[in-house]
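Here's the structure we're looking at; comments come further down.
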Amino acid sequence: LPVLLVGTVILSFAAALGVGAVVFDVIFGFPGSDPSFPLFAFVFLVALGIDYNIFLMARVREEALKHGTRRGMLRGLAVTGGVITSAGIVLAGTFSVLAVLPLVFLTEIGFVIAFGVLLDTFLVRSVLVPALVFDIGPKVWWPSTLSKAHERRGREFHPEDHTAEEAEAPPEPVASP
């Protein structure tokens, strides 16, 4: 799960940087960018993206213990989606103020971070991460105990069949023939 979430954040950063490069070159006609620009954009976008990922997936894990991975993802997204979206809009608005300042470096930083946060909020966190969790299924929790509980059962975890304590129980030993 951590590698998957870091991958989505890096993908979001690369997309924002690419769109920014096209906008600065084609629309604004800037002669170039500051060499430290990608570093600043990386720090802000990766820190914010990981923060949103942790917030979302911590709630999804709580729900998955009770309802299984698929329903847990839907319930976690429903509960945290409004908060993440609101925070993303406010943050993008804050950084977009930098984009109207007369300094090229601040314009670049403001635009890329505002675009990256909106991309992360509306596409990555709301569509890509849930789609990957649905696609991978219970194996997304590997190597946690939640993944081991799913493997022991050989199917999706259903709370009506088992208690939450059983999901956290250590695996039963397998007798060798």
Side-chain angles (χ1 to χ4, degrees), residues 1-64 69-70 72-144 147:
L1 181 64
V3 173
L4 174 76
L5 297 179
V6 169
T8 62
V9 171
I10 299 296
L11 183 66
S12 176
F13 160 72
L17 205 60
V19 168
V22 169
V23 168
F24 303 147
D25 185 43
V26 175
I27 295 175
F28 295 138
F30 292 162
S33 65
D34 189 280
S36 63
F37 162 69
L39 174 66
F40 282 107
F42 180 83
V43 168
F44 281 111
L45 290 175
V46 170
L48 296 169
I50 291 294
D51 186 39
Y52 290 166
N53 267 335
I54 291 170
F55 183 60
L56 171 66
M57 294 311 290
R59 183 54 187 242
V60 169
R61 188 176 194 289
E62 290 174 14
E63 295 294 336
T69 302
R70 291 184 68 80
M73 184 71 228
L74 292 173
R75 292 174 64 92
L77 188 60
V79 171
T80 61
V83 175
I84 291 172
T85 303
S86 300
I89 291 171
V90 169
L91 201 58
T94 302
F95 277 104
S96 66
V97 170
L98 292 175
V100 298
L101 294 175
L103 298 171
V104 172
F105 178 73
L106 293 179
T107 300
E108 291 174 343
I109 287 289
F111 175 81
V112 166
I113 293 175
F115 178 80
V117 166
L118 290 175
L119 177 72
D120 196 67
T121 300
F122 289 109
L123 190 62
V124 174
R125 213 67 46 237
S126 301
V127 178
L128 183 61
V129 170
L132 290 171
V133 169
F134 285 152
D135 193 37
I136 296 170
K139 292 181 182 182
V140 76
W141 302 114
W142 182 85
S144 76
S147 173

Minimal non-hydrogen separation, [X] against [Y], with atom names:
| X | Y | result |
| --- | --- | --- |
| Glu108 | Phe30 | OE2-CD1, 3.8 Å |
| Val127 | Phe122 | CG2-O, 4.0 Å |
| Arg70 | Phe134 | O-CE2, 3.5 Å |
| Ser12 | Gly116 | OG-O, 3.9 Å |
| Ile50 | Val6 | CD1-CG2, 3.9 Å |
| Arg125 | Pro130 | O-CD, 3.5 Å |

Taking everything shown except Phe40 itself, do over 12 heavy atoms lie less than 6.0 Å from its CZ? no
For Phe44, look at atom CZ and say whether over 12 heavy atoms of other residues, nucleotides or ligands are found less than 6.0 Å away. no
Tell me, with the steps shown, if Val112 and Val23 meet side chain to side chain contact (heavy atoms under 4.5 Å, CB included). CA-CA 10 Å; Val112 166; Val23 168; over 6 Å; no
Gap separating the [atom1] atom of [X] from the [atom2] atom of [Y], nearest 0.5 angstrom:
| X | Y | atom1 | atom2 | value |
| --- | --- | --- | --- | --- |
| Ser96 | Leu91 | OG | CG | 10.0 Å |
| Leu11 | Leu128 | CG | CG | 6.5 Å |
| Leu77 | Ile84 | CG | CD1 | 7.5 Å |
| Leu56 | Asp51 | CG | CG | 11.5 Å |
| Leu39 | Asp34 | CG | CG | 10.0 Å |
| Glu63 | Thr69 | CD | OG1 | 12.0 Å |

Within the side chain of [X], is there an N or O that forms a donor-acceptor pair under 3.5 Å with the backbone of [Y]?
| X | Y | result |
| --- | --- | --- |
| Thr107 | Leu101 | yes |
| Thr8 | Leu5 | yes |
| Thr121 | Leu118 | no |

Should [X] and [Y] count as side-chain neighbours, where that means a heavy-atom distance under 4.5 Å?
| X | Y | answer |
| --- | --- | --- |
| Trp141 | Val60 | yes |
| Phe24 | Val104 | no |
| Asp120 | Leu48 | no |
| Leu17 | Phe37 | yes |

Can you check side chain to side chain contact (heavy atoms under 4.5 Å, CB included) on Leu132 and Leu4, steps first, answer last? CA-CA 8 Å; Leu132 290 171; Leu4 174 76; 3.4 Å; yes
So among Met57, Glu62, Arg61, which one has a side-chain contact (heavy atoms from CB on, under 4.5 Å) with Arg59? Glu62
Trace of the ring pair (Phe, Tyr, Trp, His ring centres under 6.0 Å) decision for Phe111 with Phe95: CA-CA 7 Å; Phe111 175 81; Phe95 277 104; over 10 Å; no
